Amino acid sequence: MAAPAQEISLRTVQQASSAVKYDPTGSPLKPGLCIEVLRAVEKLEPGLRFTGLETQVPLKRVERLLAEGQVDAFFCLLKSPEREKQWRYSPVPLYVIRHVVVQRADDERPFDTMAELAAASRGKRVLVMRGTAIARHLLQADVTITEVASEREALQMLAMRRADLIYGQDINLRHHIAENRLGDTMKIGHTVFHEEPQYLALRADLPAAVEERLTQALRKLERDGTLRQIADKYR
């Protein structure tokens, strides 16, 4: 008989102000996309247990905790060259985010290319959420940006005509437009500028055997369609 796998506790945290990923005050049936992926891993691998979910921290602190090895794993993060120097990623994509723009419903200008965004940004800067890895795509395309604290703040600035465009993740922007009942005054542009998968991030020195257990669990969830079903629930 095979010996049972060793029980392992992995330190993690919740990301604050990111209701699509973690929504501690939301419905138990919809606690957040990333918390549902985490729970699916625990269910599949009962020997793996995540601790620290009572703690909510902003994204910048999540990054610092990972870089310093104070958390072992975090669901879910985008990759970037800077981040990959500080911690590792499990290779299984958890879900895909699409880069889109939000504009006022009465703004009839189409935006199909980064060059068009760059030209528009010379009049009014494009809003992007502070601390996210997606800002680099705009900077590389010579788009002038203003970083704001949250999607809520960005939508308020758009409504007040202090900005004309928000650039961000489709799943987050749709959530905040619906939550604030702005569907009649705001619209998401038809162009997807970029697609990026979110991954499970791991501290740099996490033992390879633990990483392998996590990766195998995620591969099973990918194969049986669980990851896709969870992501679709939040779109």
Side-chain angles (χ1 to χ4, degrees), residues 15-23 25-27 30 32-34 58-60 62-63 76-80 93-199 228 230-235:
Q15 182 179 333
S17 303
S18 183
V20 171
K21 289 183 175 183
Y22 295 91
D23 192 2
T25 62
S27 163
K30 207 169 182 182
L33 197 164
C34 296
L59 179 59
K60 280 297 184 184
V62 170
E63 294 177 330
C76 319
L77 278 183
L78 297 173
K79 288 183 182 180
S80 73
L94 306 180
Y95 68 98
V96 172
I97 62 104
R98 303 179 182 100
H99 295 197
V100 296
V101 295
V102 174
Q103 56 197 123
R104 287 182 298 278
D106 61 2
D107 185 350
E108 298 182 358
R109 294 174 297 169
F111 292 96
D112 298 318
T113 66
M114 280 289 187
E116 291 173 348
L117 292 183
S121 73
R122 296 184 189 106
K124 288 184 182 177
R125 294 179 175 225
V126 174
L127 303 180
V128 64
M129 269 44 73
R130 183 176 300 123
T132 61
I134 65 174
R136 74 180 187 276
H137 296 285
L138 296 174
L139 296 174
Q140 289 169 354
D142 201 29
V143 178
T144 306
I145 65 172
T146 291
E147 294 188 274
V148 295
S150 65
E151 285 87 358
R152 183 185 297 272
E153 180 182 345
L155 288 167
Q156 289 174 344
M157 292 176 67
L158 194 61
M160 296 169 63
R161 299 185 178 270
R162 293 171 57 192
D164 289 338
L165 293 167
I166 303 168
Y167 184 97
Q169 302 178 14
D170 64 326
I171 196 165
N172 287 349
L173 291 167
R174 291 184 190 280
H175 169 81
H176 285 279
I177 288 172
E179 183 181 58
N180 292 283
R181 300 178 182 177
L182 295 172
D184 292 334
T185 58
M186 306 288 175
K187 64 183 179 183
I188 292 180
H190 62 272
T191 299
V192 174
F193 292 93
H194 189 66
E195 291 188 337
E196 284 185 301
Q198 296 251 11
Y199 294 92
R228 177 182 51 77
I230 293 172
D232 288 348
K233 181 177 175 181
Y234 288 84
R235 290 202 181 278

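As the structure is a prediction and not an experimental result, all values here were calculated from the model.
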Give the ring-plane orientation class for Tyr167 versus His99, where under 30° counts as parallel, over 60° as perpendicular and anything between as tilted.
perpendicular
How long is the span from the CG atom in Leu33 to the CD1 atom in Ile230, to the nearest 0.5 Å?
7.0 Å
How close do Ala141 and Ala118 get, heavy atom to heavy atom, and via which atoms?
O-CB, 3.7 Å
Out of curiosity, Leu59 CG to Ser17 OG, how far, rounded to the nearest 0.5 Å?
10.5 Å
Identify the heavy atoms of Phe111 and Ala120 that sit nearest to each other, and give their distance.
CE2-CB, 3.7 Å
In Å, rounded to the nearest 0.5 Å, how long is the span from CG of Leu155 to CE of Met157?
11.0 Å
I'd like to know whether CG of Asp184 has more than 12 heavy-atom contacts from other residues, nucleotides or ligands below 6.0 angstrom.
no
Would you name the heavy atoms of Val148 and Ala154 that are closest together and state the gap between them?
CG2-CB, 3.8 Å
Reported CZ-to-OG1 distance for the pair Phe193 and Thr113, which is rounded to 0.5 angstrom:
7.0 Å
So, Lys124 side chain and Arg161 main chain: donor-acceptor pair closer than 3.5 Å or not?
yes
Given Ile177, Asp107, Asp170, Leu165, the one that forms side-chain contact (heavy atoms from CB on, under 4.5 Å) with Val102:
Ile177
Please step through side chain to side chain contact (heavy atoms under 4.5 Å, CB included) for the pair Glu153 and Arg130, ending with a clear verdict.
CA-CA 11 Å; Glu153 180 182 345; Arg130 183 176 300 123; 5.6 Å; no
Are the side chains of Leu138 and Met114 in contact, using a 4.5 Å heavy-atom criterion?
yes
Rounded to the nearest 0.5 Å, what separates atom NZ in Lys30 from atom CG in Asp23?
9.5 Å
Between Ile171 and Ala231, what is the shortest heavy-atom contact and its length?
CD1-O, 4.4 Å
Does any non-hydrogen side-chain atom of Glu179 lie less than 4.5 Å from one of Glu151?
no
Any chance CZ of Arg235 has more than 12 other-residue heavy atoms, nucleotides or ligands included, within less than 6.0 Å?
yes
Whether Gln103 side chain and Arg109 backbone form a donor-acceptor pair below 3.5 Å
yes
Verify, without hydrogens or angle tests, whether Thr144 (side chain) and Arg125 (backbone) share a donor-acceptor contact under 3.5 angstrom.
no
For a side-chain contact (heavy atoms from CB on, under 4.5 Å) with Glu196, tell me which candidate from Arg98, Lys79, His137 qualifies.
His137
So how far is it from Ser150 OG to His176 NE2, rounded to the nearest 0.5 Å?
7.0 Å
If you draw a 6.0 Å radius around CD in Glu108, do more than 12 non-hydrogen atoms from other residues or ligands fall strictly inside?
no
Taking the side chain as C-beta and beyond, is there a heavy-atom pair between Cys76 and Tyr199 under 4.5 Å?
no
How far apart are the closest heavy atoms of Ala16 and Pro58, and which atoms are they?
CB-N, 4.1 Å
Determine whether a donor-acceptor pair (N or O, by modelled atom type, separation under 3.5 Å) exists between the side chain of Glu116 and the backbone of Asp112.
yes
Applying the side chain to side chain donor-acceptor pair (under 3.5 Å) test to Asn180, which of Gln156, His175, Arg152 qualifies?
Arg152
Testing Ile166, Leu117, Val126, Ile188 one by one against Val101 for a side-chain contact (heavy atoms from CB on, under 4.5 Å), which residue passes?
Leu117
Quick check: are there more than 12 heavy atoms from other residues, nucleotides or ligands sitting under 6.0 Å from CZ of Arg136?
yes
What one should report as the nearest heavy-atom pair of Ser121 and Asp142 is OG-O, 4.4 Å
